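Reviewing the structure listed below.
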Amino acid sequence: MINPTEIENRLERILLRVQKPGRYVGGELNQVVKPWEEVKTRAALVFPDIYDIGLPNLGMAILYDQINRRPDALAERAYAPWTDMEAAMRASGIPLYSLESKHALLDFDLIGFSLPYESLYTNVLNILDLSGIPMFTADRDETHPLIIAGGHAAYNPEPMSSFIDAFAIGEGEEMIHEIIDAHQAWKTSQLPRAELLRSLAKIPGVYVPSLFTVSYHPDGTIAGIEANTAEAALPVTKRINAQLPAPVTRFLVPSIDVVQNRVAIEIMRGCTRGCRFCQAGMIMRPVRERPVKEILDAMEQALQNTGYEEVALLSLSSSDYTNISELVQGVTERFAGRNLSISLPSLRIESFSVQLMDQLKGLRPGGGFTLAPEAATERMRQIINKPISTQQLLDTAREIYAHGWTTIKLYFMIGHPSETLEDVEAIVDVCRAVLAEGRRKVGGRARVHAGVSTFIPKPHTPFQWVACDSVDQVREKQDLLRRSLRGSGFKLTWTDPATTQHEAWLSRGDRRTGQLIYRAWQLGSKFDAWQENFHVDLWLQAFQDCGLNPDFYSHRDRPLDEILPWQHIYSGVRTSYLKEEYHRSLAGTTRIDCREQCFACGILPGFKDMRSTLPDEAWKCPPVKPRASRIRQRPALVETQLAAAGGGDQ
Amino acid sequence: VTETLIAPTFYRVRLTFARQEALRYVSHLDMLMVWERTLRRAGVALAYSKGFNPKPRLHQAAALPLGFLSRCEITDFWLETLPDAPAPDMAEIARRVQAAAPPGLKILQCESVPLTLPALQTEVQAAEYTAQPMDDLDPDILAQAVEQLLVAETLPRERRGKAYDLRPLVECLQIHIDERNRPVLQMRLTARESATGRPEEVLAALGLDAAAFRVERTALLLSE
């Protein structure tokens with residue numbers, strides 16, 4: 001096996017022949033290098049895209065911090081080498097190695113892949129191959145590292161289930177320690193690898209796909225999923241932290257430019273708005289906020305530790321953070337005059353957001369003001385449950401321009417269920433109306449950037465049963481936008497329909513999609529998230545070679561009683577709730593913010609033991625008032641009904 | 001933006017430092033960013049340019065090509081203090097900057113220099129380098145190549161599509177035998193803004209593969 005010194009020697013000879021060699025050497029400020037021989041568990045955290053994109057990833061930073069806090073374990077990092085470096089590594093016999101100690105990935109006990117989105121899947125395969133690790137979980141033995149994965153894409157683990165030994169579903173801060181403990185116990189026991197997998201399956205939130213068998217109907221839909229051993233039980237319920245753990249403040253500071261150079265602090269997790277297309281809004285429940293003081297202190301500490309010039313205060317909906325005014329005021333008082341910029345993304349479309357950003361004056365980043373109406377007609381916004389009026393949008397836009405911004409970025413999505421060309425034309429009208437507001441306030445300097453992405457019905461959302469628009473439909477809608485949003489003042493960006501389709505296949509795929517990914521990789525697919533490297537023809541070829549039909553995955557309305565490939569993974573939000581929301585969307589009925597009223601999504605009964613140990617304000621779920629109709633019908637049964645529904649509904 | 005009512009006092013600080021380890025793979029431009037963050041962590045009162053997009057006031061001497069090590073880099077930065085504040089203590093600044101520095105950055109010297117000195121990059125006259133081969137090289141063949149280069153009247157070369165003569169930029173070139181009995185090339189090359197000799201060009205002119213050498217800058221010579 002190749003040792004770190006030999007890897008370093010070979011590296012020195014190739015690094016000057018590749019672009020940005022600083023990606024491949026580690027040595028950043030705040031990296032943690034522990035003595036290799038002195039720990040029981042060595043974990044490699046891998047982000048399956050290039051360093052520039054992976055380094056700023058907050059999930060990686062959190063796990064790096066968690067593992068390295070343990071005296072008995074170390075965590076190091078690796079990223080996908082760009083194609084030039086990969087070729088040079090293969091030519092020189094260098095396997096993928098960790099940046100900290102330059103150990104080959106094969107030398108680690110555990111490799112954890114971050115899977116925030118599906119277009120990274122072929123890179124995972126490529127990395128396993130470059131590391132000399134058997135690609136299929138079935139081919140690994142006691143000498144190979146344990147391969148785990150987590151992240152939002154893992155909420156449908158089936159497409160990657162042939163390659164990943166165990167998936168961590170949900171928040172990883174606690175789970176990672178239980179996985180490491182189980183690995184240490186197994187290592188001492190010297191039992192076969194199968195025992196490790198069985199012990200992992202006992203950890204709540206851990207899904208070990210090889211312990212289950214999926215059967216299919218003749219038409220390709222799923223007939224059932226059965227456990228092969230007693231340790232394996234379904235559903236696998238996501239893990240959450242009762243309260244948000246202390247934020248990371250010792251961020252790695254790269255010495256080369258990466259996509260985001262900043263301190264990132266989550267101000268809250270979860271969202272109560274219930275937008276029906278939004279997977280994050282469904283799977284990240286319940287809402288947990290960080291106290292203002294904790295955020296301000298963490299900012300101070302992180303800036304001291306990193307020297308960064310920018311802080312991002314992250315959440316799915318910043319305006320909904322309870323003490324947002326107090327936070328913004330605190331930030332301004334403490335950090336003004338330090339040549340810093342503070343970004344506060346995901347603000348609601350209301351004048352209050354403009355006031356907030358205005359308060360940050362002197363600290364706010366340059367560039368435009370971003371709003372995300374997502375759809376342009378009232379009808380469409382009712383379907384997706386994002387009920388803001390066009391008038392409200394125009395009023396907010398007017399105020400933004402009046403406060404000195406010249407550019408407004410508007411995010412829309414096309415392809416929502418039942419969308420017509422009129423709904424798309426309305427996007428044009430809204431953009432024109434916003435620009436007209438700008439012209440009145442700032443004249444010819446006014447700009448509108450429309451970012452129009454294409455909707456993909458994601459697992460665990462109320463739209464999980466619906467079909468995607470066909471590529472032709474998407475092209476027609478995009479053509480309309482391109483034709484109409486021309487001229488000075490407008491900028492339009494859109495996603496390539498083939499890229500969207502690819503994401504749909506993989507996010508809605510089943511266990512058989514694994515062969516497809518493998519075949520696509522064999523045909524040369526990698527870096528599918530990069531437009532210039534994505535080749536849809538390779539994927540269509542792979543579909544053909546595997547005898548699978550792409551439309552079966554992306555362009556088929558699925559019956560509500562069909563067993564979905566991800567149905568055995570429980571996000572804490574009940575299928576019955578998702579169905580109810582789906583029906584309400586068909587009827588065009590909206591729902592208010594569930595901070596105001598609980599709609600019984602399932603989180604409270606599902607995590608009732610955890611909830612009962614916490615102060616009331618820890619979660620932003622309001623006290624549950626049983627629905628009046630139910631009380632009238634069966635008053636005595638309400639309590640048990642709510643409790644039972646949480647566990648047994650899947 | 002609040003205006004400063006009292007005119008601040010400025011100081012110009014000259015740092016001499018070594019760039020080792022992973023910092024050899026950091027570009028000249030990225031090094032500016034490394035410095036800004038290091039000085040922010042060190043908590044020194046770094047002066048910023050005025051205007052909409054304030055930038056730290058920082059000069060770097062001659063750019064160090066990507067992949068080269070160095071034990072003689074120079075950076076000037078400006079401090080901004082209140083007029084009645086005591087003059088900054090250079091030893092204290094050196095200590096704080098070193099404590100805040102990323103791995104591979106070693107402060108060798110920290111001195112206060114007159115504000116009136118010209119821009120640092122215009123002061124550099126020449127640079128010295130060593131080039132250590134990673135593979136065994138026959139010292140005799142190497143000596144022959146060096147001799148041939150030195151006797152040449154001109155060394156026409158092309159870089160980024162531009163023809164130039166390398167010979168006048170080579171001020172000194174010799175072979176040193178190190179303690180492990182391996183030949184190491186030592187060179188002094190002109191490094192003025194308009195006329196800069198590059199070690200990898202010298203290696204190429206000697207018929208050698210520059211990527212098979214570990215190059216280190218050992219001295220920057222400034223005008224008196």
Side-chain angles (χ1 to χ4, degrees), chain A residues 8-33 51-52 88 92 99-100 102 250-258 261-263 301-310 332 336-341 361-367 404, chain B residues 1-4 19-57 65-69 80 97 99-105 132-135 200 203 209-215:
Chain A
E8 278 191 88
N9 285 342
R10 293 188 195 180
L11 271 179
E12 192 175 10
R13 289 162 188 272
I14 62 169
L15 282 172
L16 287 181
R17 304 178 201 273
V18 300
Q19 295 171 44
K20 283 185 92 170
R23 290 167 175 163
Y24 308 112
V25 293
E28 304 93 335
L29 183 87
N30 295 334
Q31 77 167 10
V32 181
V33 190
Y51 178 88
D52 316 39
S92 311
L99 293 185
E100 281 80 358
K102 313 291 184 294
R250 191 162 285 280
F251 290 94
L252 285 151
V253 183
S255 301
I256 62 169
D257 199 23
V258 296
N261 297 280
R262 65 189 196 185
V263 165
Q301 192 60 53
L303 288 169
Q304 178 58 46
N305 289 340
T306 62
Y308 274 133
E309 313 80 27
E310 189 186 333
T332 313
R338 293 207 212 169
N339 293 303
L340 278 174
S341 80
K361 60 176 174 284
L363 284 170
R364 70 189 185 211
Chain B
V1 181
T2 44
E3 289 296 323
T4 313
R19 256 173 86 175
Q20 304 288 323
E21 302 171 33
L23 285 183
R24 66 190 280 198
Y25 298 109
V26 177
S27 72
H28 188 63
L29 207 62
D30 287 341
M31 205 54 206
L32 266 178
M33 192 179 72
V34 169
W35 269 120
E36 181 177 1
R37 292 182 188 150
T38 300
L39 294 170
R40 277 174 165 274
R41 291 189 297 270
V44 299
L46 183 60
Y48 277 75
S49 65
K50 301 290 171 231
F52 189 68
N53 193 10
K55 290 275 156 215
R57 291 191 62 190
L66 202 65
F68 288 10
L69 298 155
E80 181 175 343
V97 171
L105 199 161
Q132 191 184 44
M134 293 183 212
D135 303 301
E200 69 272 32
L203 291 169
D209 175 11
F213 281 79
R214 187 176 298 145
V215 182

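A, B, ... follow the sequence lines: proteins, then strands. Residue 1 opens every chain. Just so it is clear, the structure is predicted and the values come from calculations on it, not from any experiment.
- Between atom OG1 of residue T38(B) and atom CG of residue L29(A) there is a gap of 7.0 Å, rounded to the nearest 0.5 Å.
- From N9(A), atom CG reaches atom CE of M134(B) across 9.0 Å, with rounding to the nearest 0.5 Å.
- Looking at every heavy atom in both residues, A211(B) comes nearest to R17(A) through CB-NH2, 3.3 Å.
- Interface check for chain B: of the options G337(A), P21(A), S255(A), the most heavy-atom pairs under 4.5 Å are formed by S255(A).
- A distance of 8.0 Å separates CD in E309(A) from CE in M33(B), rounded to the nearest 0.5 Å.
- Per-residue counts of heavy-atom pairs under 4.5 Å with chain B were compared for I14(A), D257(A), L303(A); the largest is that of D257(A).
- At a 4.5 Å heavy-atom cutoff, the contact between A100(B) and chain A is made by backbone atoms alone.
- Residues forming a side-chain contact (heavy atoms from CB on, under 4.5 Å) with R24(B) (at least two apart in sequence, or on another chain): E12(A), L69(B), R214(B).
- Of all the heavy atoms in A22(B) and G26(A), the pair that sits closest is CB-O, 3.3 Å.
- Only the backbone of R338(A) comes within less than 4.5 Å of a heavy atom of chain B; no side-chain atom from C-beta onward does.
- Only the backbone of T306(A) comes within contact range of chain B, with at least one heavy atom under 4.5 Å from a heavy atom of that chain.
- Residues meeting the side-chain contact (heavy atoms from CB on, under 4.5 Å) test with V215(B), sequence neighbours left out: F68(B), Y129(B), A131(B), P199(B), L203(B), F213(B).
- Nearest heavy-atom pair, L16(A) versus L66(B), reported as atom, atom and distance to 0.1 Å: CD2-O, 3.5 Å.
- Contact record, Y48(B) with N339(A): CD1-ND2, 3.1 Å, taken as the closest heavy-atom pair.
- Looking at A42(B), neither its backbone nor its side chain comes within 4.5 Å of chain A, counting heavy atoms on both sides.
- Residue contact with chain B, scored on non-hydrogen atoms closer than 4.5 Å, involves the backbone and the side chain of L340(A) alike.
- Taking 4.0 Å as the cut-off between side-chain N and carboxylate O, R13(A) and D209(B) do not count as a salt-bridged pair.
- Heavy-atom pairs under 4.5 Å with chain A were tallied for D30(B), V34(B), L29(B), V26(B); the largest tally goes to D30(B).
- R41(B) contributes atom CZ, which lies 9.5 Å from atom CG of N305(A) (distance to the nearest 0.5 angstrom).
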